[in-house]
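The figures here come from the full heavy-atom set of this structure, side chains too, leaving out hydrogens, waters and symmetry mates. One is the number of the first residue; the rest follow in order along the sequence. Every number for a ligand or one of its atoms is a count from 1 in the order of the listing.
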Amino acid sequence: MNNFVFQNPTKLIVGKGTIASLATEISKDKKIMVTFGGGSVKSNGVYDQVKAALAGHNVIEFWGIESNPTYQTLSKAIKIGKEEGIDFLLAVGGGSVVDGTKLISAAIPYRGDAWELVLDNTLVGETTPLASVITLPATGSEMNCGAVISNTDTHEKYPFYSSYPQFSILDPETTYSLPAFQISCGIVDTYIHTMEQYLTFPSQALVMDRWAEGLLLSLIELAPKIQCDQHNYDTMSNYMLTATLALNGFIGMGVPQDWATHYIGHELTALKGLTHGLTLAIIYPAMLRVLKEAKREKLLQYATRVWKITEGTEDQRIERAIATTEAFFRMVGLPTKLREVEVDASTIEEIVTRFEQRGTVLGEHATVTPAVVREILTKAL
Ligand code: NZQ
Ligand code: ZN
C-alpha cells in the first residue's frame with residue numbers, strides 16, 4: 001500500500017426534504033451568491049425549495065453555468081462576486097455548476113485572472129467558502145476538491161483543484177427529473193471513476209479493492225432498476241450515494257491511479273463538445289484492450305470478482321471482461337465507438353498533436369504516450 005494522507009471535510013446531508021436545512025446550515029450574516037445552471041431547477045421544484053429555505057438570508061443569484069463550465073461564463077460571476085463582497089457560495093445543480101463554483105470560490109479572493117488558477121493550481125490561495133445542492137449523481141464534485149474548467153476561446157478543458165464544499169445536500173428526489181441520457185452518462189462516469197482507481201496493478205490495498213468492487217457491483221445492480229423506474233426512492237438514493245463515494249477519495253487511499261481515459265475524454269469534449277460520460281464509454285473499452293498486458297492481474301481479478309467470469313484461459317477471461325464492460329455501457333444506453341458520434345481520424349491526430357505539444361504522458365505506469373493515445377483512439381473508431 002502506498003503512503004497517503006486522507007482528509008475529507010465535506011458534511012453530507014442526505015435524504016428527502018433536506019434542502020430545507022439550508023436555512024440553518026448557512027449563517028444569516030453571510031452574503032451569499034447562489035449559482036445555477038440553465039434552468040432545470042426551476043422545472044423540478046428545486047429552485048422553489050432553495051428560495052424558501054433561504055428566505056431570511058442575504059442572497060444574490062447567478063444563472064447560466066453551462067455543462068462543461070467555461071472560464072468565460074465564470075468570469076462574469078467572479079466579477080459580480082468581487083463587486084458585491086460575496087462571502088459564501090451555494091452551487092445548486094449538476095457537477096458543472098459545482099465545478100464552476102469552485103473556480104468562483106478560488107477566484108473571488110485572487111487578484112489576477114481566473115484562468116491563471118486553472119493553468120497553475122499552486123496559485124490557489126484563500127477561497128470563499130462554498131456548499132452544494134447536487135441534482136445529478138455522477139461527478140462526485142459534491143464531496144471532492146476537483147473541478148474541470150473549459151475555455152471556449154482555446155478549446156481547452158483542464159482539471160483544477162481547490163476547496164471542498166463545506167456541506168452538500170443530496171436529496172434523491174431531485175434526480176427524478178433527469179433526462180435518460182444524463183443518467184446514462186452519470187452511471188458510466190461513476191463506473192469509470194471507480195475503475196480509474198481500481199483497475200491498475202495490485203497494490204496490497206485489499207480493503208480499497210473490495211470497496212471499489214462493491215461500488216461496481218452496486219452500479220451493475222442499480223442500472224437496470226433505474227431504467228425501469230427512475231422515481232424509485234431507494235434506487236435513486238443508492239445510486240446517488242454510489243456516485244458520491246466513487247470520487248470522494250474513499251477508494252483512492254494508498255492505491256495507484258490511472259485517469260488516462262479522463263484526460264483523453266476531456267480532449268474529445270473540448271474539441272467536439274461530447275458529453276463527459278459519453279467520451280468515457282467510448283474510450284474505456286479501447287483503452288483496456290490496448291493496455292491489457294500492463295493491467296493483466298487486475299483485469300483477471302475484475303473478471304472474477306465483478307463479472308464472475310471463471311471459465312477459459314486467462315486471455316479469454318480478460319477479453320470477456322472487457323466485452324462485458326462494453327456491453328454494460330451499451331445496455332446503459334451509450335454508444336462505445338467514435339464513428340457512432342461522428343468523430344474521425346482527423347480528431348485523433350489533433351488530440352495526439354496536443355498531447356505531444358504539452359509533453360503529456362498518462363496512466364498508472366506513465367506509459368500512455370501520445371503514440372499510445374493514438375492506438376487507443378484508433379481502436380475506438
Ligand atoms: O443546466 P441545467 O438546466 O441545470 O441542466 C443540467 C445540464 O443540462 C441537467 N440537469 C442537472 N440536474 C438535473 C438536470 N436536468 C433535470 N433534472 C435534474 N435534476 O443535466 C445537464 C448536465 O449537467 P452537468 O452538470 O453538466 O453534468 P455532470 O454532473 O455530469 O457534470 C459534468 C461536468 O463535470 C466534470 C465533467 O468534465 C463535466 O465538465 N467532471 C467533474 C469532476 C469532479 N469535479 O471531480 C470529475 C468528473 O470526472 C468530471 O470530469
Ligand atoms: Zn468523470
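Distances from ligand 1 to the non-hydrogen atoms of D189 include at least one value under 4.0 Å. The shell of residues lying under 4.0 angstrom from ligand 1, judged by heavy atoms, includes G39. Using a 4.0 Å cutoff on heavy atoms, G140 does not count as a contact of ligand 1.
The shortest heavy-atom contact between V368 and V373 is CG1-CG2, 3.8 Å. Of all heavy-atom pairs spanning I19 and A53, the tightest one is O-CB, 3.6 Å.
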Kindly indicate, with the supporting measurements, whether the criterion side chain to side chain contact (heavy atoms under 4.5 Å, CB included) is fulfilled by V361 and F355.
CA-CA 8 Å; V361 181; F355 283 152; over 6 Å; no
Could you please spell out the steps behind the side-chain hydrogen bond (donor to acceptor under 3.5 Å, both in side chains) verdict for T304 and T310?
CA-CA 6 Å; T304 312; T310 51; over 6 Å; no
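A cation-pi geometry, defined here as NZ or CZ lying under 6.0 Å from the six-membered ring centre and within 45° of its normal, does not hold between K11 and F167. With Y233 as the aromatic partner, K16 meets the cation-pi criteria of under 6.0 angstrom to the ring centre and within 45 degrees of the ring axis. Taking the ring centre of Y198 as origin, the terminal cationic atom of K298 falls inside the region bounded by 6.0 Å and 45° from the ring axis.
In terms of protein heavy atoms, atom 13 (C) of ligand 1 is closest to L178 CD2, 3.3 Å. Scanning all protein heavy atoms for the shortest distance to atom 24 (P) of ligand 1 gives S96 OG, 3.4 Å. Atom 17 (N) of ligand 1 has S177 OG, 2.7 Å as its closest protein atom, hydrogens excluded (heavy atom only). When only non-hydrogen protein atoms are considered, atom 1 (O) of ligand 1 lies nearest to G38 N, 2.7 Å. Of the protein's non-hydrogen atoms, D99 OD1, 2.7 Å is the one closest to atom 44 (N) of ligand 1. Looking only at heavy atoms of the protein, atom 7 (C) of ligand 1 is closest to S67 OG, 3.7 Å. Protein heavy atom in closest approach to atom 11 (C) of ligand 1: T135 OG1, 3.6 Å. Among protein heavy atoms, atom 29 (O) of ligand 1 sits closest to G95 N, 2.7 Å.
With values rounded to the nearest 0.5 angstrom, D315 atom CG is found 9.5 Å from E319 atom CD. Note that OG1 of T353 and CD1 of I348 are 11.5 Å apart. Values are rounded to the nearest 0.5 Å. Rounding to the nearest 0.5 angstrom, the gap separating the OG atom in S168 from the CD1 atom in I134 is 7.0 Å. A distance of 12.5 Å separates OH of Y164 from CG of L130, quoted to the nearest 0.5 Å.
Between F160 and W115, the ring centre distance reaches or exceeds 6.0 Å. Taking the six-membered ring where the residue is Trp, the centroids of F62 and F36 are separated by 6.0 Å or more. F328 and Y191 have their aromatic ring centers within a separation under 6.0 angstrom.
In H193, the N, O or S atom that comes nearest to the Zn ion (ligand 2) is NE2. In terms of distance to the Zn ion (ligand 2), the nearest N, O or S atom of D189 is named OD1. Looking at H276 and the Zn ion (ligand 2) together, the shortest N, O or S contact belongs to NE2.
With a 4.0 Å heavy-atom cut-off, ligand 1 is reached by the side chain of H193 but not by its N, CA, C or O. With a 4.0 Å heavy-atom cut-off, ligand 1 is reached by the side chain of N144 but not by its N, CA, C or O. Heavy atoms of P179 found under 4.0 angstrom from ligand 1 belong exclusively to the side chain.
Near K157, the atoms of ligand 1 lying under 4.0 angstrom from a non-hydrogen atom of the residue are 36 (C), 37 (O), 38 (C), 39 (O). Residue N44 approaches ligand 1 through these ligand atoms, each under 4.0 Å from one of its heavy atoms: 17 (N), 18 (C), 19 (N). Listed by atom number, the atoms of ligand 1 under 4.0 Å from N68 heavy atoms are 38 (C), 39 (O). Remark: ligand 1 atoms within the under-4.0 Å shell around heavy atoms of H262 are 48 (O). Taking every heavy atom of S40 and a limit of under 4.0 angstrom, the matching atoms of ligand 1 come to 2 (P), 3 (O), 4 (O), 5 (O), 10 (N), 13 (C), 14 (C), 15 (N), 16 (C). Counting the atoms of ligand 1 from 1 in the order shown, those under 4.0 Å from a heavy atom of S141 are 44 (N). Near G37, meaning under 4.0 Å from one of its heavy atoms, ligand 1 places the atoms 1 (O). Close approach of ligand 1 to G146 is summarised as follows: ligand atoms under 4.0 Å from at least one heavy atom of the residue are 44 (N).
Looking at T139, V92, I192 and measuring to atom 34 (O) of ligand 1, the nearest heavy atom belongs to T139. When the options I149, L247, L136, V148 are ranked by their closest heavy atom to atom 27 (O) of ligand 1, first place goes to L136.
If you check the side chains of D189 and H276, you find a donor sitting under 3.5 Å from an acceptor.
The aromatic rings of F329 and Y284 lie tilted to each other, with the angle between the two planes from 30° to 60°.
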